[in-house]
Peer 1: 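Right, I'll just put the structure down here and ask away after.
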Protein chains: 2
Amino acid sequence: MLEQKHLALLDEAKRRGQPETGLRLCLEILALSSAIDRDCAARLAPHQLSEGKFVLLFLLHDRPEGLSPHELAERAGVTRATITGLLDGLERDGFLARHAGLEDRRKVSVRLSAKGQAAARVLFDEHTKWIATLFAGFNADDRQMFGDLLRRVWQNLDPTVTQASAQAAEPG
Amino acid sequence: MLEQKHLALLDEAKRRGQPETGLRLCLEILALSSAIDRDCAARLAPHQLSEGKFVLLFLLHDRPEGLSPHELAERAGVTRATITGLLDGLERDGFLARHAGLEDRRKVSVRLSAKGQAAARVLFDEHTKWIATLFAGFNADDRQMFGDLLRRVWQNLDPTVTQASAQAAEPG
DNA sequence: GCCATATAGTATGGCACCGTACTATATGTC
DNA sequence: GACATATAGTACGGTGCCATACTATATGGC
């Protein structure tokens with residue numbers, strides 16, 4: 001349930017006579033997340049989609065007026081530059097199209113094609129259903145306990161770095 | 001404690017009238033891991049190191065005879081191509097050097113410089129100490145419980161994708 | 001109306017990862 | 001010893017992410 005690099009790290013810690021306390025547990029969290037991400041990527045790849053592209057798809061779903069790259073960046077929590085790249089791929093593969101802005105001529109309206117709409121509709125449900133299966137066998141108490149434990153780690157994280165993905169870190 | 005994209009996903013799920021069961025919890029695991037990775041990266045960046053480079057550093061530490069790129073790839077759980085890139089950066093920044101193999105002339109022996117040795121020695125301890133602080137306040141029972149919950153999710157993951165990072169998936 | 005400034009989108013270059021393809025060397029078989 | 005095959009390392013191109021810098025358009029102050 002760990003990755004190679006994690007085993008290596010544990011080995012080195014043992015070699016240095018350090019206790020495993022917390023270390024293994026932390027690596028298990030990271031390994032589980034990576035495994036979930038890999039699994040997610042593997043599910044989307046056959047559709048020519050990545051996780052980032054999938055997010056844009058459902059952000060645009062049922063939104064005939066479209067969204068601007070700027071809004072997409074804010075809601076997805078990535079930079080506008082990243083959005084440009086994802087849109088290039090999605091447009092190339094026929095999931096959406098960029099339309100020139102009418103009021104503000106700097107703006108672009110991004111709208112799903114029929115293919116994009118269909119993909120968003122179907123894949124979102126598939127995705128959430130799949131995630132639900134990961135927690136098969138968990139009752140409300142288990143979930144409560146799990147969430148509490150996660151939050152306790154979260155609170156120990158360096159608060160200066162933690163806020164990331166808010167995109168506008170506005171330094172100084 | 002969630003990222004923008006996770007909030008968007010939860011919103012969309014709510015809009016579709018789907019239950020949150022498991023979904024929010026899953027996103028919290030992913031968000032926590034990302035936060036830990038970000039924090040880790042932020043700690044290493046001032047030393048011109050990434051997490052991948054850091055792994056190579058401690059794999060090579062106290063190993064005067066060095067390791068080959070091939071062995072590094074196996075132990076780090078990434079491809080040889082990735083190792084080439086990491087070594088390029090580490091060599092450029094003076095952490096290590098490539099030495100021609102003597103017995104097998106295809107092989108290269110990668111060995112840390114004094115700077116690399118020093119960095120590996122200091123940073124590894126810093127790193128594990130930092131991780132330990134993330135679990136401050138956790139007693140043995142908490143850790144046991146946490147690990148059990150993680151393992152239960154792990155077992156629900158698609159077994160065909162789960163094995164990744166073993167590098168040699170040897171298809172068919 | 002004019003200019004400084006802000007904003008929208010993109011381009012460019014960097015990083016860490018991958019898959020694939022290539023070169024050089026080693027090895028096993030005949 | 002020659003040749004098919006395997007292995008070591010790298011090159012190349014692709015992805016998703018970032019920071020930075022650039023162009024076009026909008027806006028506020030005068």
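In what follows, chains are A, B, ... by sequence order, proteins preceding strands, each numbered from 1.
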Peer 1: Looking at A/Glu126 and A/Lys129, is there a salt bridge between them, counting it only when a charged N and a carboxylate O are closer than 4.0 Å?
Peer 2: no

Peer 1: Under 4.0 Å, counting only non-hydrogen atoms across every strand here, what does A/Gln48 touch: a base, just sugar-phosphate, or nothing?
Peer 2: nothing

Peer 1: Looking at B/Thr21 and A/Ala132, would you say the former's side chain and the latter's main chain have a donor-acceptor pair under 3.5 Å?
Peer 2: no

Peer 1: Closest-nucleotide mapping onto DNA chain D: is A/Asp104 or A/Ser50 further toward the 5' terminus? I mean the 5' end.
Peer 2: A/Ser50

Peer 1: A/Val108 has a side chain; which of C/dG9, C/dT25, D/dT15 sits nearest to it?
Peer 2: C/dG9

Peer 1: Between P on D/dT7 and CD on B/Glu74, what's the gap in Å once rounded to a whole number?
Peer 2: 11 Å

Peer 1: Grab the CZ-P distance between B/Arg92 and D/dT10 for me, whole Å please.
Peer 2: 15 Å

Peer 1: Could I get a table of every N or O pair under 3.5 Å where one atom is in the protein and the other is in nucleotides 19-23 of chain C?
Peer 2:
none

Peer 1: Please report the interatomic distance CZ(B/Arg43) to CZ(B/Phe54), rounded to the nearest 0.5 Å.
Peer 2: 11.5 Å

Peer 1: What is the distance, rounded to the nearest whole Å, between atom CD of B/Glu3 and atom P of D/dC18?
Peer 2: 10 Å

Peer 1: Judged by atom type as modelled, is there a donor-acceptor pair below 3.5 Å linking the side chain of B/Lys5 to the main-chain atoms of A/Val78?
Peer 2: no

Peer 1: Of all the choices, D/dT10, C/dT25, C/dT10, which nucleotide is nearest to the side chain of A/Thr84 once you look at every atom?
Peer 2: C/dT10

Peer 1: State plainly whether the residues B/Glu20 and A/Arg143 are in salt-bridge range, i.e. N to O under 4.0 Å.
Peer 2: no

Peer 1: Of the nucleotides D/dA26, D/dA8, C/dG9, which one has an atom closest to the side chain of A/Arg106?
Peer 2: D/dA26

Peer 1: Check the distance between D/dT7's C1' and B/Lys107's NZ and give it to me in whole angstrom.
Peer 2: 9 Å

Peer 1: Would you confirm whether A/Asp142, through its side chain, and A/Asn139, through its main-chain N or O, come within 3.5 Å as a donor-acceptor pair?
Peer 2: yes

Peer 1: Could you tell me whether A/Leu86 contacts a base, only the sugar-phosphate backbone, or nothing, with contacts defined as non-hydrogen atoms closer than 4.0 Å?
Peer 2: sugar-phosphate

Peer 1: So does B/Arg98 get a side-chain nitrogen or oxygen closer than 4.0 Å to the phosphate oxygens (OP1/OP2) of D/dT10?
Peer 2: yes

Peer 1: Nearest whole angstrom, please: distance from the P of C/dA16 to the CG of B/Leu72.
Peer 2: 15 Å

Peer 1: Inspect the contact between B/Asp148 and B/Arg151 and indicate whether a charged nitrogen and a carboxylate oxygen are less than 4.0 angstrom apart.
Peer 2: yes

Peer 1: To the nearest Å, give me how far apart CZ (B/Phe54) and P (C/dC17) are.
Peer 2: 14 Å

Peer 1: Calculate the interatomic distance between B/Glu51 atom CD and D/dC18 atom C1'; express it in whole Å.
Peer 2: 17 Å

Peer 1: Could you give the CD-to-P distance, from B/Glu71 to D/dT7, as a whole number of Å?
Peer 2: 15 Å

Peer 1: Output the single nucleotide from D/dG16, C/dA6, C/dC18 whose closest atom is nearest the side chain of B/Val78.
Peer 2: C/dC18

Peer 1: Which nucleotide in the set D/dT7, C/dG9, C/dA16 lies at the smallest distance from any side-chain heavy atom of B/Lys53?
Peer 2: C/dA16

